Chemist: 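Got a structure here, written out as C-alpha cells. Questions coming.
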Amino acid sequence: MSFEPEVRERLERDAKEIIGRYPRPRSALLPLLHLVQSAEGHVSQDGIEFCAEQLGITPAQVTGVATFYTQYKHAPVGEYHVGVCINTLCAIMGGDQIWNELSEHAGVGHDEATADGKVSLERIECNAACDFAPVMMVNWEFFDNMTPEKAKQLVDDLRAGRKVLPTRGPENLATWKEASRVLAGFPDGRANEGVQAGPESLRGLKLAQERGWTAPRTDVDRERPDEPVKPEHIAEPPHEPGKPIPGEAKPGSQEGRNK
C-alpha cells in the first residue's frame, strides 16, 4: 500500500528540505528514514522505496541502513516507546530487574506493543546516562533513577492517558511519531524546556571550578587536520566492494594512512 496523496505530498516537501541541507543527497538518508517513520510509526517497505526514490539509490541500499540502526522500527510500536537500559551499570543498579518485572507487568517483550497500541518496550544497551542509573527512556526522553515500581506506574500512566513528564527535558512528552519528526530535523520548539542537566552530570564541572582546573588552550600552535573536508573530496557512491574509492582520501582516514 502506497502513501495517501496528501501524505506523500507532505513527505516530498519535507524530503526536499532535508536533502537540501547536505552536499550529497545520499547523506540525507538517516533523517529521511526518521521522516517516513514519523508518518507511519515505523519504516515500512513503502517508506524504504520512498527514500530510495528521493535519493536516487536502490531500496536494498536503504534497507541495509534501516536494518542496521535500532532506532528504525520495522513493525508498528506503541504511541509511547519505552526503553529500559540493561547495560552494565544500569544492570547492576537494577536494570535487569526493572526489565523483567515491567515486561511481565505489561505482558509484552522486546520491541512488542500492548494490545491497545499505547506502549511498547525495548531492551536498550545504553541510554548514555550512567550518572542516573538505572535509566529508562520514553520516546528518547529520560526517566532517571528508576525502580520496578516506578517503571510499572509509568507504563500504567501512559496507557491511561495521564500526563507524564520526563526527569529532564521538555514539559510535554512527545508521541513516537512526533519524536521521529524531531529526529528528522524539524524542531518542535521544546529543546530548552525543563531541566537540561542534573546535579550528577554537573558534579565534575563544579569540582573543576572549586579547584581552579581549566581545559588546555585551543589557540596554541599545533598540527591540525585539513578540515573541513570540501564537497569535491567526497566521492560519489556507490562503489564496488574491494575496489579503491576514487578521489582524494580524507585526511586521517584509513585509506589516507595507507597512502
Side-chain angles (χ1 to χ4, degrees), residues 1-87 108-114 117-128 136-141 174-188 234-243 245 250 253:
M1 182 180 72
S2 60
F3 292 112
E4 294 293 330
E6 62 273 14
V7 174
R8 184 176 179 89
E9 181 181 356
R10 185 181 71 249
L11 288 175
E12 288 179 345
R13 182 175 62 250
D14 290 342
K16 183 177 180 180
E17 179 178 340
I18 292 172
I19 294 169
R21 300 169 184 167
Y22 296 88
R24 295 286 186 270
R26 183 171 177 164
S27 300
L29 178 53
L30 296 182
L32 276 189
L33 286 167
H34 284 299
L35 179 66
V36 296
Q37 187 160 260
S38 75
E40 297 186 286
H42 66 290
V43 178
S44 67
Q45 186 60 37
D46 288 333
I48 288 173
E49 292 175 0
F50 174 83
C51 292
E53 177 185 329
Q54 297 299 308
L55 300 176
I57 58 180
T58 68
Q61 290 170 315
V62 177
T63 300
V65 174
T67 55
F68 181 84
Y69 295 103
T70 58
Q71 278 190 314
Y72 304 122
K73 304 303 179 184
H74 308 288
V77 297
E79 183 178 358
Y80 296 99
H81 188 62
V82 179
V84 180
C85 183
I86 46 82
N87 212 319
V108 295
H110 174 73
D111 266 354
E112 295 178 351
T114 54
K118 284 289 185 179
V119 167
S120 52
L121 302 184
E122 179 180 0
R123 290 167 60 90
I124 301 288
E125 285 302 321
C126 184
N127 277 329
M136 293 172 54
M137 299 191 90
V138 179
N139 297 344
W140 313 120
E141 298 294 350
T175 66
W176 173 254
K177 290 182 179 180
E178 290 170 343
S180 295
R181 182 168 175 80
V182 173
L183 291 172
F186 297 94
D188 59 4
I234 304 174
E236 290 286 356
H239 310 296
E240 291 296 327
K243 293 187 177 180
I245 298 176
K250 179 178 177 180
S253 68

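Only a predicted model underlies this, so the values are computations on that prediction, with no experimental measurement involved.
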Chemist: Which residues satisfy the salt bridge (Lys or Arg N to Asp or Glu O under 4.0 Å) test with E12, sequence neighbours excluded?
Modeler: R8
Chemist: Take atom CD in E53; do more than 12 heavy atoms of anything else shown fall under 6.0 Å from it?
Modeler: yes
Chemist: What are the two closest heavy atoms between S180 and H34, and how far apart are they?
Modeler: O-CB, 3.5 Å
Chemist: Can you tell me how far NE2 of H110 sits from CD1 of I124, rounded to the nearest 0.5 angstrom?
Modeler: 7.5 Å
Chemist: Rounded to the nearest 0.5 Å, what's the gap from CD1 on I48 to NE2 on H74? Could you check?
Modeler: 7.0 Å
Chemist: Closest approach of G41 and W176, non-hydrogen atoms and distance?
Modeler: O-NE1, 2.9 Å
Chemist: Is a side-chain N or O of Q37 found less than 3.5 angstrom from the main chain of Y72, in a donor-acceptor match?
Modeler: no
Chemist: To the nearest 0.5 Å, how far apart are CD1 in I18 and CG in L55?
Modeler: 9.5 Å
Chemist: Side chains of L32 and Q54: does their closest heavy-atom pair fall under 4.5 Å?
Modeler: yes
Chemist: Would you call the rings of F50 and F3 parallel, tilted or perpendicular, taking 30° and 60° as the class edges?
Modeler: perpendicular
Chemist: Identify the heavy atoms of A174 and N139 that sit nearest to each other, and give their distance.
Modeler: O-ND2, 2.7 Å
Chemist: What residues form a salt bridge (Lys or Arg N to Asp or Glu O under 4.0 Å) with E125, not counting sequence neighbours?
Modeler: none
Chemist: If the condition is side-chain hydrogen bond (donor to acceptor under 3.5 Å, both in side chains), which residues does Q71 pass it with, not counting sequence neighbours?
Modeler: none
Chemist: For V62 and L33, what are the C-alpha separation, side-chain angles and deciding distance, and is it a side chain to side chain contact (heavy atoms under 4.5 Å, CB included)?
Modeler: CA-CA 9 Å; V62 177; L33 286 167; 3.9 Å; yes
Chemist: Applying salt bridge (Lys or Arg N to Asp or Glu O under 4.0 Å), name anything that partners E17, two or more places apart in sequence or on another chain.
Modeler: R21
Chemist: side-chain hydrogen bond (donor to acceptor under 3.5 Å, both in side chains) with R181: which residues, sequence neighbours excluded?
Modeler: D14
Chemist: Please confirm whether the backbone N or O of V119 pairs with a side-chain atom of T114, one donor and one acceptor, at under 3.5 Å?
Modeler: yes
Chemist: Give the minimum heavy-atom separation between Q61 and I57, together with the two atoms involved.
Modeler: OE1-CB, 3.0 Å
Chemist: Measure the CG-CZ distance between L35 and R10 for me, rounded to the nearest 0.5 Å.
Modeler: 8.0 Å
Chemist: Can you give the donor-acceptor pairs under 3.5 Å from side chains of residues 75-85 to other protein atoms, not counting sequence neighbours?
Modeler:
| from | atom 1 | to | atom 2 | distance (Å) |
| --- | --- | --- | --- | --- |
| E79 | OE1 | K118 | NZ | 3.2 |
| H81 | ND1 | S120 | OG | 2.6 |
| H81 | NE2 | E122 | OE1 | 2.7 |

Chemist: Looking at every heavy atom in both L29 and C51, which two are closest together, and how far apart are they?
Modeler: CD1-CB, 4.1 Å
Chemist: Within the 4.5 Å heavy-atom criterion, are L183 and W140 side-chain neighbours or not?
Modeler: yes
Chemist: Using a 4.5 Å cut-off on heavy atoms from C-beta on, say whether the side chain of V138 contacts that of E141.
Modeler: no
Chemist: Could you grab the distance from atom CD of E40 to atom CD of Q45, nearest 0.5 Å is fine?
Modeler: 10.5 Å
Chemist: How many angstroms lie between atom CG of L121 and atom CE of M136, to the nearest 0.5 angstrom?
Modeler: 7.5 Å
